[in-house]
Amino acid sequence: MKRIAVLTRDCAGINAAIRAVVRTADKHGIDVLGVLKGYDGLIDNKLVPLGRRSVSGIINLGGTILKTARSQRFFTEEGQKKAVETLTKNKVDGLVVIGGNGSLSAAHILATKHNIPVVGVPATIDNDLNGVEYAIGFDTAVNVALDALDKIRDTATSLERIFVVEVMGRDCGYIALKVALAGGCEEVLIPEKDFSVERMCEEIKRGSELGKNSWIVVVAEGKAKAHDVAREVTEVTGLETRVAVLGHIQRGGRPTVTDRVLAAFLGSYAVEVLKDGLTDVCVSLKDERLFTLPLEEVIQPKKIDVESYYRLIKVLA
Ligand code: F6P
């Protein structure tokens with residue numbers, strides 16, 4: 001293996017992973033090309049050489065130095081043809097894809113339909129990759145959200161108010177569950193579970209009669225809009241509500257120790273397995289053990305033990 005390419009999505013820790021890929025490849029005498037703007041850059045032949053020095057000083061930076069995009073074009077025959085042409089033209093022997101479900105689904109297509117050696121590195125704040133305990137970016141995202149929530153709690157407690165806090169997670173409520181439990185919140189609404197606002201309002205009313213007037217409700221964006229939930233709570237209970245939508249602040253920022261360490265191990269291991277001839281796999285780390293999983297398995301919906309979180313949140317609230 002003489003030359004590989006690396007392509008990414010964006011979230012905290014991805015730059016640390018790029019650094020690990022480039023420097024591990026360098027150790028083996030393998031050249032690295034960075035793909036600019038994700039799969040769109042692969043289609044448009046936007047590749048830049050990356051050496052040891054080009055990844056200096058990026059370990060602490062959020063986002064991706066390679067820039068990225070949500071490519072619709074890759075999911076067309078024409079887009080895939082051009083992407084493969086770019087790899088052939090640039091004599092790329094293998095590709096490392098660092099990203100979440102969308103990026104790894106495209107990687108699986110490249111490996112299976114087009115015979116390109118591809119290894120995936122899990123990186124998504126949603127942490128929704130099946131079989132992968134933790135993806136790069138998740139730890140930073142939940143810590144950013146928790147920091148915001150702790151600040152909101154100060155006001156919720158001081159003014160005895162009800163806050164509805166919206167966190168990211170279109171199809172997966174993992175961020176919401178973790179943050180609600182860690183933040184000592186009363187309620188959490190996620191896409192994976194049916195929810196009755198009426199039941200919650202009844203609980204709030206009962207609590208209010210007993211003197212409990214401060215509530216924090218965490219909502220995953222894919223379940224409901226925080227403003228709609230807050231409006232309904234006010235209509236039914238007559239109590240004042242406030243809303244905070246955390247949005248993209250959760251995806252950026254300085255990566256935590258956990259994300260940087262994960263990025264170092266996974267980025268480096270991805271190069272090792274690609275060099276050893278593995279393809280159509282995703283690298284993962286659990287209990288300090290590195291291993292690979294088939295990409296096909298990783299892109300299936302992740303099963304979370306939602307009930308254990310719910311039970312504990314309710315007991316501790
Ligand atoms: O998949 C990561 C994620 O941040 C989701 O939590 C969120 O729904 C989505 O991306 C937002 O995507 P975009 O930045 O393209 O609006």
Side-chain angles (χ1 to χ4, degrees), residues 4-28 30 32 34-35 38 50-68 96-101 103-104 107 119-129 131-150 167-169 174-175 178-179 182 246 248-275 281-293 298:
I4 61 171
V6 57
L7 176 157
T8 78
R9 269 299 289 173
D10 80 295
C11 66
I14 282 189
N15 284 325
I18 297 172
R19 175 178 175 271
V21 167
V22 171
R23 294 197 170 170
T24 304
D26 182 70
K27 185 193 93 176
H28 292 297
I30 299 171
V32 183
V35 182
L50 294 175
R52 285 192 79 82
R53 294 279 69 81
S54 39
V55 292
S56 295
I58 65 166
I59 197 165
N60 55 331
L61 303 179
T64 171
I65 56 162
L66 294 175
K67 304 203 186 302
T68 192
V96 175
V97 175
I98 309 173
N101 211 291
S103 307
L104 298 186
V119 172
V121 175
T124 163
I125 65 164
D126 293 346
N127 203 31
D128 58 350
L129 296 167
V132 173
E133 190 178 30
Y134 288 114
I136 298 164
F138 178 68
D139 187 66
T140 306
V142 284
N143 277 295
V144 166
L146 184 64
D147 182 53
L149 207 106
D150 284 347
V167 297
M168 272 189 161
Y174 214 18
I175 295 179
K178 289 263 183 187
V179 166
L246 302 187
H248 285 80
I249 67 158
Q250 295 156 96
R251 212 158 78 199
R254 193 173 155 257
T256 58
V257 172
T258 301
D259 275 334
R260 293 185 204 192
V261 170
L262 195 56
F265 275 110
L266 295 183
S268 183
Y269 187 52
V271 175
E272 300 292 347
V273 300
L274 194 58
K275 185 176 82 55
V281 293
C282 178
V283 292
S284 189
L285 178 71
K286 193 177 178 198
D287 302 330
E288 303 201 328
R289 194 176 66 84
L290 287 158
F291 58 99
T292 60
L293 292 158
V298 164

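Note that this is a predicted model, so its numbers are computed, not measured. The figures that follow rest on heavy atoms only: side chains count, while hydrogens, waters and symmetry mates do not.
Considering all non-hydrogen atoms of both residues, A123 and L129 come closest at N-CD1, 4.4 Å. Between A148 and L246, the closest heavy-atom pair is CB-CD2, 3.8 Å. Taking both residues in full, the closest heavy atoms of A12 and G253 are given as CB-O, 3.5 Å, listed atom of the first, atom of the second, then distance. Residue S103 comes nearest to R9 through the heavy atom pair OG-CG, 2.8 Å, listed as atom of the first residue, atom of the second, then distance. Counting all heavy atoms, side chain and backbone alike, V21 lies closest to G267 at CG2-O, 3.5 Å. Contact record, G131 with S284: O-OG, 4.3 Å, taken as the closest heavy-atom pair.
A distance-only check finds a donor-acceptor pair linking the side chain of T68 to the backbone of T8 [under 3.5 Å]. For the pair D259 (side chain) and I136 (backbone), a donor-acceptor distance under 3.5 Å is absent. Put simply, the side chain of N15 gets close to the backbone of I65: a donor and an acceptor are under 3.5 Å apart. Between the side chain of R260 and the backbone N or O of P255 there is at least one donor-acceptor pair closer than 3.5 Å. Within the 3.5 Å criterion, the main-chain N or O of Y174 finds no donor-acceptor partner in the side chain of D126. Judged by distance alone, the side chain of R251 and the main-chain N or O of C11 form no donor-acceptor pair under 3.5 Å. Formation of a donor-acceptor pair under 3.5 Å by the Q250 side chain with backbone atoms of M168 is found in this model.
A side-chain contact (heavy atoms from CB on, under 4.5 Å) with L66 is found for one member of V6, L7, V35, I14 and no other, namely V6.
A donor-acceptor contact closer than 3.5 angstrom is absent between the side chains of T256 and N143.
Distance OG1/T64 to CD1/I18: 3.5 Å, rounded to 0.5 Å. Atom OH of residue Y269 and atom OG1 of residue T292 lie 5.5 Å apart, to the nearest 0.5 angstrom. Atom CG in N127 sits 7.5 Å away from atom NZ in K178 (nearest 0.5 Å). Taking CD1 of I98 as the start and CG of L104 as the end, the distance is 10.0 Å to the nearest 0.5 Å. The CG atom of L262 sits 12.0 Å away from the CZ atom of F138 when rounded to the nearest 0.5 Å. Atoms CD1 and CZ, on I59 and R19 in that order, are 3.5 Å from each other to the nearest 0.5 Å.
For the pair P122 and E133, the minimum side-chain heavy-atom distance is 4.5 Å or more. A 4.5 Å side-chain heavy-atom check between V283 and V119 finds at least one atom pair inside the cut-off.
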(request) Assess whether side-chain contact (heavy atoms from CB on, under 4.5 Å) is satisfied between V273 and L290, documenting all intermediate values. (result) CA-CA 11 Å; V273 300; L290 287 158; over 6 Å; no
(message) Checking Y134 against D139 for the side-chain contact (heavy atoms from CB on, under 4.5 Å) test, could you report, in this order, the C-alpha distance in whole Å, the side-chain angles of both residues, the deciding distance, and whether it holds?
(response) CA-CA 8 Å; Y134 288 114; D139 187 66; over 6 Å; no
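Within 6.0 Å of the NZ atom in K275, the count of heavy atoms belonging to other residues, nucleotides or ligands exceeds 12.
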